[in-house]
Amino acid sequence: MGARNSVVLVISFFMLFLALSSAFPRRKNQYKPCKHLVLYFHDIIYNGKNAANATAAIVAAPQGANLTILAPQFHFGNIAVFDDPITLDNNLHSKPVGRAQGLYIYDTKNTFTAWLGFSFSLNSTDYQGSINFIGADPILMKTRDISVVGGTGDFFMHRGVATIMTDAYEGEVYFRLRVDIKFYECW
Amino acid sequence: MGARNSVVLVISFFMLFLALSSAFPRRKNQYKPCKHLVLYFHDIIYNGKNAANATAAIVAAPQGANLTILAPQFHFGNIAVFDDPITLDNNLHSKPVGRAQGLYIYDTKNTFTAWLGFSFSLNSTDYQGSINFIGADPILMKTRDISVVGGTGDFFMHRGVATIMTDAYEGEVYFRLRVDIKFYECW
Amino acid sequence: MGARNSVVLVISFFMLFLALSSAFPRRKNQYKPCKHLVLYFHDIIYNGKNAANATAAIVAAPQGANLTILAPQFHFGNIAVFDDPITLDNNLHSKPVGRAQGLYIYDTKNTFTAWLGFSFSLNSTDYQGSINFIGADPILMKTRDISVVGGTGDFFMHRGVATIMTDAYEGEVYFRLRVDIKFYECW
């Protein structure tokens, strides 16, 4: 088998892997980002006992549910507000480079999906500015794409796509997301 | 009356019709969409008795209101979370091509208006990807325009305008929206 | 000291002022807006007694808080829905040119910050159309930038950056924001 065929085979396996693990894998993106950032953020949900450490709180729930336990039926109807530290690596205790702030909404009755509206406020030596995101988050997929709809400061007028991955999940109290931000409009 | 005058007359009536029935009709849009989709989505609001069929739930309300009846004063302050089937035609029972997921907020005390933040997650043979929307929805206008602020998959980096029309409305339990999505940036 | 040095000195002081008073001042924006609007909007929060005048209501709060008093700990977790009059000057009683509609979320436990998702619906002789905004709002900064992610009507497909300034603040009932909207994509 020639080198060229090997490459085709490897690419085929790679595409198959993508097809199995990504939401909406079909489009082959031929664009190269003009800027690229990988960041992590850490969400600790308030459960009635962890007020000091919690970075997120359930603030809305459907009838019959309460605000310290995620709702039954895949948390459908819960809205959580968050102010999560952003770090450069996957360690919750690393020095934060900014805050992820906004809301997530659990929006499906028969599986885990969320809708996200949030901003990154970055304040480090490398980056100062904000990045604004919205999009659907089918949580159980390995990777999910949401839209980067705008930015300010160092990210003035930027647009792009962010690929989200659940990097860790501990019961219903902690999760960590890896956010791979690819800007395709940079100004 | 010559043919040319007839055309002018017909166009004048058409403009008059638009002026009476659309929100913000003044701008004559000279742009042609690079992609165009018409889809329907169906919203069944949870009322305490329809848990099996409901696709949306009221999860927040102002003081004194509850979560199974839309609030008085034009539902001002209600937030609903939804996960609605998307269909190609106006039949609730057609095979869904995706889900409309997000929230709507009733935001006026003296008439019906809403604010929308939601995504279409499409998963059909024709389209795979997500489309993200936000905008004001003056519900009583025949047509309302909101922004398409981004997309992923087949709608990678797309932007556009979506024209929403209430296609059916049954009391306070069911409504169906027709969404005419015109993309002007397609990548 | 020559004229040139004076200019440098003045500019230096100006940069220092910016550095102290703005969120994310570092980027020197070399772009000129293609359209520019300055508008004010007025928010009167419902406190249980001002139903007739209120333009905003708290509709969600974390466990233990209620809906007529902003939550303790910097209002963390409160979601307010609003329908505020927009005016051309800073007078609440000026004739409105439209409505600011959407939500704000208090999202930090140890200082005042908010997350905004809202639309301007303008309906005046000068402008007819809607403008859609999202972004983080570090309230205590003198100026804060958020993203203009889309528009309709006269603002068809527009994008830009809006600089928000708290123009007045009266206890926990009234605030007025000055919004300096700079469009950089105008179509």
Side-chain angles (χ1 to χ4, degrees), chain A residues 44-49 51-61 66-69 78-84 98-105 116-134 147-159 185 187, chain C residues 19 22-31 58-65 67 71-79 102-111 113-117 132-138 141 143-150 159-164 182-185:
Chain A
I44 302 169
I45 304 166
Y46 178 61
N47 64 1
K49 294 170 233 156
N53 296 327
T55 65
I58 305 167
V59 299
N66 73 45
L67 300 177
T68 49
I69 301 171
N78 274 149
I79 299 183
V81 170
F82 61 95
D83 171 31
D84 292 349
R99 311 294 296 185
Q101 302 178 316
L103 51 78
Y104 53 85
I105 296 167
L116 309 173
F118 66 99
S119 303
F120 274 12
S121 291
L122 296 177
N123 191 4
S124 71
T125 45
D126 286 335
Y127 291 109
Q128 295 195 4
S130 67
I131 308 169
N132 298 315
F133 305 83
I134 80 168
S147 291
V148 177
V149 296
T152 67
D154 288 344
F155 307 100
F156 173 79
M157 290 289 288
H158 286 35
R159 290 181 70 232
E185 287 186 24
W187 288 65
Chain C
S22 293
F24 314 129
R26 202 172 53 178
R27 185 189 175 98
K28 286 142 218 91
N29 177 0
Q30 77 272 36
Y31 299 101
I58 305 167
V59 300
Q63 198 227 3
L67 300 178
Q73 284 201 293
F74 302 90
H75 316 334
F76 179 67
N78 274 149
I79 299 183
L103 51 79
Y104 52 86
I105 295 167
Y106 289 101
D107 58 11
T108 303
K109 279 197 307 184
N110 58 4
T111 184
T113 67
W115 190 82
L116 308 173
N132 298 315
F133 304 84
I134 80 167
D137 178 7
M141 304 301 285
T143 63
R144 300 87 75 177
D145 284 350
I146 62 173
S147 290
V148 177
V149 297
R159 289 181 71 233
V161 168
T163 302
I164 287 180
K182 287 146 286 179
F183 296 104
Y184 296 96
E185 287 186 24

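First the proteins, then the strands, lettered A, B, ... as listed; each starts at 1.
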Colleague: If every non-hydrogen atom of Tyr31(C) is compared with every non-hydrogen atom of Trp187(A), which pair is closest and at what distance?
Modeller: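 Distance-wise, the nearest heavy atoms are OH-C, 3.1 Å.
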
Colleague: Would you compute the distance between atom OG1 of Thr55(A) and atom CG of Asp107(C) and round it to the nearest 0.5 angstrom?
Modeller: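 Atom-to-atom, Thr55(A):OG1 and Asp107(C):CG are 11.0 Å apart.
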
Colleague: Under 4.0 Å between a Lys/Arg side-chain N and an Asp/Glu carboxylate O for Glu185(A) and Arg159(C)?
Modeller: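 Arg159(C) and Glu185(A): salt-bridged.
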
Colleague: Between Asp145(C) and Ser130(A), what is the shortest heavy-atom contact and its length?
Modeller: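 Residues Asp145(C) and Ser130(A), closest heavy atoms: O-OG, 4.2 Å.
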
Colleague: Kindly say whether Asp83(A) contributes a backbone atom to a donor-acceptor pair with the side chain of Lys109(C) at under 3.5 angstrom?
Modeller: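 Judged by distance alone, no pair lies under 3.5 Å.
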
Colleague: Given the options Val59(A), Leu67(A), Leu103(A), Val81(A), which has more heavy-atom pairs under 4.5 Å with chain C than any of the others?
Modeller: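 Ranked by heavy-atom pairs under 4.5 Å with chain C, first place is Val59(A).
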
Colleague: Could you grab the distance from atom CZ of Phe183(C) to atom CE of Met157(A), nearest 0.5 Å is fine?
Modeller: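 Here the interatomic distance stands at 10.0 Å.
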
Colleague: Does any heavy atom of chain C fall under 4.5 Å from the side chain of Ala61(A), the backbone, both, or neither of them?
Modeller: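 No part of Ala61(A) comes within 4.5 Å of chain C.
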
Colleague: Name the region of Tyr46(A), side chain, backbone, both or neither, that has any atom closer than 4.5 Å to a heavy atom of chain C.
Modeller: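 Answer is side chain: those atoms of Tyr46(A) sit under 4.5 Å from chain C.
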
Colleague: Testing the basics here: between Trp115(C) and Gly102(A), what is the closest heavy-atom pair and its distance to 0.1 Å?
Modeller: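 Reported closest heavy-atom pair: CG-CA, 3.9 Å.
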
Colleague: Give, as side chain, backbone, both or neither, the part of Ala100(A) having an atom under 4.5 angstrom from any heavy atom of chain C.
Modeller: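 Neither; nothing under 4.5 Å.
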
Colleague: Mind ranking Ser147(C), Ala136(C), Gly160(C), Gly150(C) by heavy-atom pairs under 4.5 Å with chain A and telling me who comes out on top?
Modeller: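 It is Ser147(C).
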
Colleague: If you compare all heavy atoms of Pro62(C) against all heavy atoms of Ala57(A), which two are closest, and at what distance to 0.1 Å?
Modeller: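 Nearest heavy atoms, Pro62(C) then Ala57(A): CB-CB, 4.3 Å.
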
Colleague: Evaluate Ile134(C) against Val149(A) for side-chain contact (heavy atoms from CB on, under 4.5 Å), listing each step before the verdict.
Modeller: CA-CA 9 Å; Ile134(C) 80 167; Val149(A) 296; 3.7 Å; yes

Colleague: If I measure from the heavy atoms of chain C, does Ala51(A) come under 4.5 Å with its side chain, its backbone, both, or neither?
Modeller: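 Interface part for Ala51(A): backbone (N, CA, C, O).
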
Colleague: Quick one: what part of Ile79(C) sits under 4.5 Å from any heavy atom of chain A, side chain, backbone, both or neither?
Modeller: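 When you check distances to chain A, only side chain atoms of Ile79(C) fall under 4.5 Å.
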
Colleague: Phe76(C) versus chain A, heavy atoms under 4.5 Å apart: side chain, backbone, both or neither?
Modeller: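 For Phe76(C), side-chain heavy atoms alone lie under 4.5 Å from chain A.
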
Colleague: Is chain A contacted by the side chain of Leu116(C), its backbone, both, or neither, given a heavy-atom distance below 4.5 Å?
Modeller: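 For Leu116(C), there is no contact with chain A at all, as no heavy atom is under 4.5 Å.
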
Colleague: Under a 4.5 Å heavy-atom cutoff, which of Val148(C), Thr108(C), Asn78(C), Ile146(C) has the most pairs with chain A?
Modeller: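 Looking at each of Val148(C), Thr108(C), Asn78(C), Ile146(C) in turn, Thr108(C) comes out on top.
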
